[in-house]
Structures are given as structure tokens and as C-alpha cells.
4 protein chains.
Amino acid sequence: MGSSKQRRGNTRQRIQDVALELFAEQGYEKTSLREIAEQLDVTKAALYYHFKTKEDIVVSLFEDLTKPIDELIEWGREQPSTLDTKQQLIERYSLALAGAAPLFRFMQENQATMRELSIGEMFKDRMTTLLDQLLPPDATMTERVRCFSAIFSMHAGLFVLKDVEGDPEEKRKAILEVATDLITQAHRAD
Amino acid sequence: MGSSKQRRGNTRQRIQDVALELFAEQGYEKTSLREIAEQLDVTKAALYYHFKTKEDIVVSLFEDLTKPIDELIEWGREQPSTLDTKQQLIERYSLALAGAAPLFRFMQENQATMRELSIGEMFKDRMTTLLDQLLPPDATMTERVRCFSAIFSMHAGLFVLKDVEGDPEEKRKAILEVATDLITQAHRAD
Amino acid sequence: MGSSKQRRGNTRQRIQDVALELFAEQGYEKTSLREIAEQLDVTKAALYYHFKTKEDIVVSLFEDLTKPIDELIEWGREQPSTLDTKQQLIERYSLALAGAAPLFRFMQENQATMRELSIGEMFKDRMTTLLDQLLPPDATMTERVRCFSAIFSMHAGLFVLKDVEGDPEEKRKAILEVATDLITQAHRAD
Amino acid sequence: MGSSKQRRGNTRQRIQDVALELFAEQGYEKTSLREIAEQLDVTKAALYYHFKTKEDIVVSLFEDLTKPIDELIEWGREQPSTLDTKQQLIERYSLALAGAAPLFRFMQENQATMRELSIGEMFKDRMTTLLDQLLPPDATMTERVRCFSAIFSMHAGLFVLKDVEGDPEEKRKAILEVATDLITQAHRAD
DNA sequence: TATGAATGAGAGTTCATTCAT
DNA sequence: TATGAATGAACTCTCATTCAT
């Protein structure tokens, strides 16, 4: 089957792939639809057959991401607020991140843009909820900082360490270890 | 002195102020020179009298920031690589950050853009050097993570905590405390 | 019979109905085939099964209208050019108009477009012929004006009076009365 | 002075002239800014230096027109509602129309468009006010029709009679005569 | 009797930038 | 120390239309 056959029926997916790659690499605003279309060897209008707007492409990318996180939060809600639960939460979060690394890179590096995108607020809500599950009740400022630091370091970590030599999985483990330490320190048994 | 007097001779400064504010709020790409000019009640052409390009405005903004950091690094180079030195390093860094918060917010939220701007590489170099001063020789991956986490949390902290109630100085202290903990843990006496 | 039964075999008709409604309401250029298709819950391509082009839809709409008018003109041609004939002509014309009000509204409000559409010239010819039947031989300028004014007022009247309260039939009668007056004044017994 | 000198400082005016001509000839939607720009031998961007949007060009065109009409209405308001006043009103209106014929042609032929343009509502208000000044109190439907017919015939007349041979001023007089007849018939002394 | 997927052309609009004055 | 006028390139988006299935 030739390349034109392969293209049948999965153009939408291909748009998402290329878009994510370019958005992550160059930023959302700097990536034009012309560029995406050219890389796919279709016309700009074809993109509009599959997505209503440029923003719609981003939204569709985040839909795949939102579900695992929502499930994670849901799972957390059903558990007792113990240290063990928290440690499991960020371990699972670490895995979720690893599974959607380019998307997180995009988010991390385009925060100004995210704020204007409809998806931005949505994502911020998730983060706030997750943070709440990691915090003790009536947390002190320092405890707050430790928790947000744990989460944010995980977000940034994957890309910042790109330049550092070493196995990706080893890096992830190292980040997870530090994050676990942070939330452990922030945990207070009542 | 009336507002027209105030304007005498400090237009350059006013451009920088407005530009920084808008860049930080809306992002670099989303902020047009028209917008900046309008808010200053001058024409776009006037901006070009003071700055060669749009990027030039950003570069000029970072110049004020670069010096304190360079001095900090220089100071660090002259000290012995003790835990105390490291603790002082990040304490001073924390103060430098607080003094240039909007600029850091801009940087933090426009990383994709920064990478394309000439200033990006420059700043990354500084960060690498600073990290090196905080790390023990032949640091393990976990130690690396702790250090970058310390620095990164300081960058992000100031803005993330904007929504949290509380005195800014108290927040800064809390962030500094966590960062200090992190580099302390990463320190290894030889 | 359910709505899916109703749809059998009369899609063409439904396209015409929706198209006329939208053309009249928003104008020809502002109404896209996408819009028509969406309102019918079919795809754009389906429209192309029934009509060769967008213009073709308009043409088809006018076909229903052209026949009664052609018959009217034909009838007029067979009558002696008396005042009574003329009065009957515009009375019949008034009824024809009332039976195709939306189409006339469309014509009235999209004259610039009509001129470029093939149907435009055709319709103009009809009007000219009709005018000739109403005019005395070697009509003066004023007589000409009275006659065109009669016809034109009938065209415009139905829609202009939309905002005025009152029974539609009463309005039509009033318009007809004025138009009849006008052509009566323009009539000159030889 | 060469053609490039002539262009200095009157580009705005030239845009208006060309735009009006093209809008009247081809319709608003069918006339693209590219077309206008090309005919003026400037870039599209130049148009945007002088006007904020395409609609803004139309609005600017109507501003010149609105004033005379507003003055006319104002004048009418100060007069007693006699037959003589009404006759003078439409005579003056006839002159105003003649002075802005292309604009009225545009309006007449792009009513569907006008309705969506911000200027549309404004103009409709003027017409309603003018009509009120011509109508007797508690006018019958027929009287209403006569008055609107007078006004509308004046609007349409100038262009409809374009194909008819004869001196334009003679045509105007003929139209005015018919219109005067109409409002005279509609006048009722209390 | 339709649809899914795509195209080519073009629309209106905005941007950073230039330059004579 | 600025402005007025303009440009060229790019942008997002929409449209009428086509064609294999």
C-alpha cells in the first residue's frame, strides 16, 4: 500500500502529531497552519476540514491528556489522605507525564499562550485540585511550596534534563524521588 | 512637574516599562508594537527611534537583569565550594529574583519564545553556570535534580503563589527555605 | 409519516426552501452553501447532487416565478391597450408578487448581485416589457416615472411595510390602490 | 507636479472615491480590498492605515451623506406641518439625492448588506423620521403607502432611468413631480 | 441519493519595519 | 525627538467546487 493509501482516514491523527511536534518545538504562535499543512503535504483548507480553528487543534491534543489526569484525581478522591496515598499519587502522575511528555513540554513553554486558550483555565483547575490532595489540612506556606515545587519540578524536569546525558527512565526516577521527598516532608499526620 | 515634563527624555524608559508589563501579561508574540505605542500615546515609529527591533526591546530589558546575576556568579566563583557558600548563593539569587519579578515571569511563561530570541541562549548559560556552582563534583542524577528543582521552584514560585493569599515577603521566605533545603540535601562534603 | 419519510425524494425542494429563506434574510453572498447544508442536516456535497452551482439554485428559484409573469405578459399582449387592461395587469401582477414575496424581497435587496447573475438580465427584460404595456405610446418622462414608480412601489412595498402593523392583505390592497392611481394618471386615451 | 506628488495627503479621499465606485458597481461583498488597492496602486495594508476595517470605509462614505439629511430633518422639525413644508421637504431631498447619487445607488442595490452594516439601522431611522414628517397624523394605510412610495421612487428613480435617454436634470424634475403629487395626495388638512 | 475528504483561490486583517520629513 | 504614510509578508479563516466511494 502506497503512501497515499496510508493517508486515508488518519489525516486527523497526522495533523495532531505534526501540530504537537511543531507547537512544542517552536511555540504555538510561531507555528503557522501553513507550516503544519506543508509538512503534511496537504492544503491549509484540509486542516479546517478536520478542526474548526487553530485553537481547536490544541484543545483536541489536550483531550487525550485530560482523561488520565481526571482519572488520577478521581482515584485520589476515593483514597484516605494518607502519606502512602500521596506517594502513589505522584508516582502515577509521573507516569502520566512521561506518557505525554511533548504535550507537557508545550504547556510548560507556552504558559503565556495557555492562559489565553480556553484549555488553560481547565488545566489550572486540575492542578489546583491535585495540589489540594497532596496538602495537609491548613497547610503552612512552606508546606504549600514543597508540594507545588514537587509538581512543577516534575513538569519541567523532563525537558530541562534533556541536555543532561543519561537514560530517560533513570532521570524520571530521580525526579520522582525528589518529588516524593518533597511531599513526604510536607505531609503531617494529624 | 506636569505629565508632559515627566515625559521629557525618559521615553526609552517608559517604553521598557510598558513593554515589560505587556509582554509579561500577554506574552511576547501576542503583544504588538502598536499596542505598546498606543498605551504610551506615541506612534510605532517612535519606538523605532529608541530601539532597532522588537527583539531589541526584550534584550534591553534583560540587560538590567543580567548584571546582578553575573556579579552573583562572579562572587560565587571566588568563594570556596562550601555548603555555606551555596546557601548564600541562593539567598542572594532569591533577592535578585524578587527585584526583577515581572521579567522572570515573562521568561518563565515565554520559554518557547525565549529559545528563539538571542537572549535565550545567553540566559541558559548563566543558569548552567549557577547550577554548577551549587552541585557537588560528579553529582548523581538525584543531586542534579534537587539543585535544578531549587532554582526552578524559585523562578516559578513567585507567580504561581500569586493566587495564594499571604504577604509576598513571607512567600519568598518560604520558597527560599525549601530551595535551601534542596541544595543542602544535594551538598556532599568531600 | 415520520420526518425521514418526508425527506424522501423532496430534498431538492427543501434545498430551495431553505436557500430562499437564507438568501432573502442575509443576502446571496453572505449565505454560504455550508449554512444551507447545515440547516438541512445534509453535506455540502449533497447540494451539488441536486444543483450544479450556487447560482443554479437561484436560477431554479426564479423559474417558478418567471412563468406566471410570462403568462401575464402574454395575456397583456393579446388585450387592447386600454386603461382597463392596464388596471387588470397590475392587479394580476400584485397577486403574482404576493405569491412570491420572499423571492421578490431577495431580488429587491440584492440588486447588485442580481446584475451579475445570468437571471438578472432576463428579469430586467420582463420588467421592461411589462412597463411598455403600461405606458402610452410616446410617453412623456413624467408618465414613464409614474409607471415605473407603480411597479417599483409594489416590489418594495411588501417588505417595507413589514414593520407597520396591519393585515398583510390590507397592505397589499393599499399598495395596489396607489399603483392603480399611478398608472391611471399615466394613461392617455389616444 | 508628478502623480506621486498629487497623491500626497489625499490617499484617504482617493480610497473613498474608488471604493464608492466599485461598491456601487459590483456590490459591497463582491468588491475586495485587493481590488480597491490595486486600482489605487497601493497595498492593501495602506487601506488599513486609513480605515480600521472594510466596513469602516462604507461608514465613512455615509458620514458625508448623513449630515445633509440630518439638516433636512432638523429643518423640517422647525416648520409647521403644512403641505407647503412637505413639498419643500421632498424638493430638498431630491437635491440631496442628486448630490449623492452613487451612494444612493449603492444603498439601493445592497440593501441586504446594509441591514448587517452598523450604518443600516441608522439610515433606516432617518427614513422613518422623514416619513413621519410627510405623513398626516393617524395616516391611513393608503396615505402611508403614498408617502413611502414617493421616497422610494426617488431613491430608485435615478438609477432605473439610467437606461432611458434624456437629460438627467429633466429626469430628476419628472421624478420630483410624481413624488410631489404623491405626498400632496397624502396630505390631509386638519 | 448521498458522503468524506480535500483543494485552490481568495478573503479581511495584522505585523514588524522603513523612511522622508 | 518624533510622526505620517506606506510596504511586504504573513496570518487565520472561508468559500464554492470536485470526486472517488
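Everything quoted here is computed from the prediction, not taken from an experiment. Per chain, numbering begins at 1; letters A, B, ... match sequence-line order.
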Requested in this report: Write down the distance between CG (L40(B)) and P (dT1(F)), rounded to a whole number of angstrom.
Outcome: 16 Å
Query raised in the report: Rounding to a whole Å, what distance do you find between Y48(C):OH and dA2(E):P?
Result: 16 Å
Report summary line: note: K30(A), atom NZ; dC15(E), atom C1'; distance rounded to Å ~ 12 Å
**Report entry** Interatomic distance, Q13(D) CD vs dA5(F) C1' [rounded to whole Å]
**Finding:** 17 Å
Requested in this report: Give none if dA20(E) has no partner; otherwise give the nucleotide forming a Watson-Crick or G-U wobble pair with it, both distances under 3.5 Å.
Outcome: dT3(F)
Query raised in the report: Within this structure, what is the CD1-to-C1' distance between I36(B) and dC15(E), rounded to whole angstrom?
Result: 12 Å
Query raised in the report: To the side chain of A45(A), which of dT17(E), dG4(F), dT7(E) is closest?
Result: dT7(E)
Query raised in the report: Is a salt bridge present between E63(C) and K67(C), judged by a nitrogen-to-oxygen distance below 4.0 Å?
Result: no
Query raised in the report: When the nearest nucleotide of DNA chain E is assigned to A46(C) and to K54(B) on a heavy-atom basis, which residue is associated with the more 5' position?
Result: A46(C)
Report task. With DNA chain F as reference, determine whether Y49(B) or E35(A) sits nearer its 5' end, using the nearest nucleotide of each. Result -> Y49(B)
**Report entry** Side-chain N or O of T11(D) closer than 4.0 Å to phosphate OP1/OP2 of dA6(F)
**Finding:** yes
Report summary line: Under a 3.5 Å limit on both distances, the Watson-Crick or wobble mate of dA10(F) is dT13(E)
Query raised in the report: Would you call the rings of F104(B) and H155(B) parallel, tilted or perpendicular, where under 30° means parallel and over 60° means perpendicular?
Result: tilted
Query raised in the report: How many Å lie between CD on E29(D) and P on dT14(F), as a whole number?
Result: 16 Å
Query raised in the report: What nucleotide, of dA16(E), dG12(E), dT7(F), holds the atom closest to the side chain of V42(D)?
Result: dT7(F)
Report task. Round to the nearest Å and state the distance from I57(A) atom CD1 to dT12(F) atom C1'. Result -> 11 Å
Query - Residue S32(A), side-chain atoms from C-beta onward, closest of dA5(E), dT12(F), dT17(E) - result: dT12(F)
**Report entry** Geometric cation-pi criterion, K54(A) with F23(A): 6.0 Å, 45°
**Finding:** no
Query raised in the report: Can you tell me how far C1' of dT14(E) sits from CD of E38(B), to the nearest Å?
Result: 12 Å
Query - Phosphate-side-chain proximity, H50(D) and dG4(F), N/O vs OP1/OP2 below 4.0 Å - result: no
Report task. By nearest nucleotide on DNA chain F, pick out whichever of Y28(C) and R12(B) is the more 5' one. Result -> R12(B)
**Report entry** Which nucleotide in dA6(E), dC11(F), dG12(E) has an atom nearest any side-chain atom of K44(C)
**Finding:** dA6(E)
**Report entry** OG1-CD1 distance between T66(D) and I119(D), expressed to the nearest 0.5 angstrom
**Finding:** 5.5 Å
Query - Beyond-backbone contact of S60(C) with R12(C), side-chain heavy atoms, under 4.5 angstrom - result: yes
Query raised in the report: Closer than 4.0 Å, any side-chain N/O of R34(D) to the OP1 or OP2 of dG12(E)?
Result: no
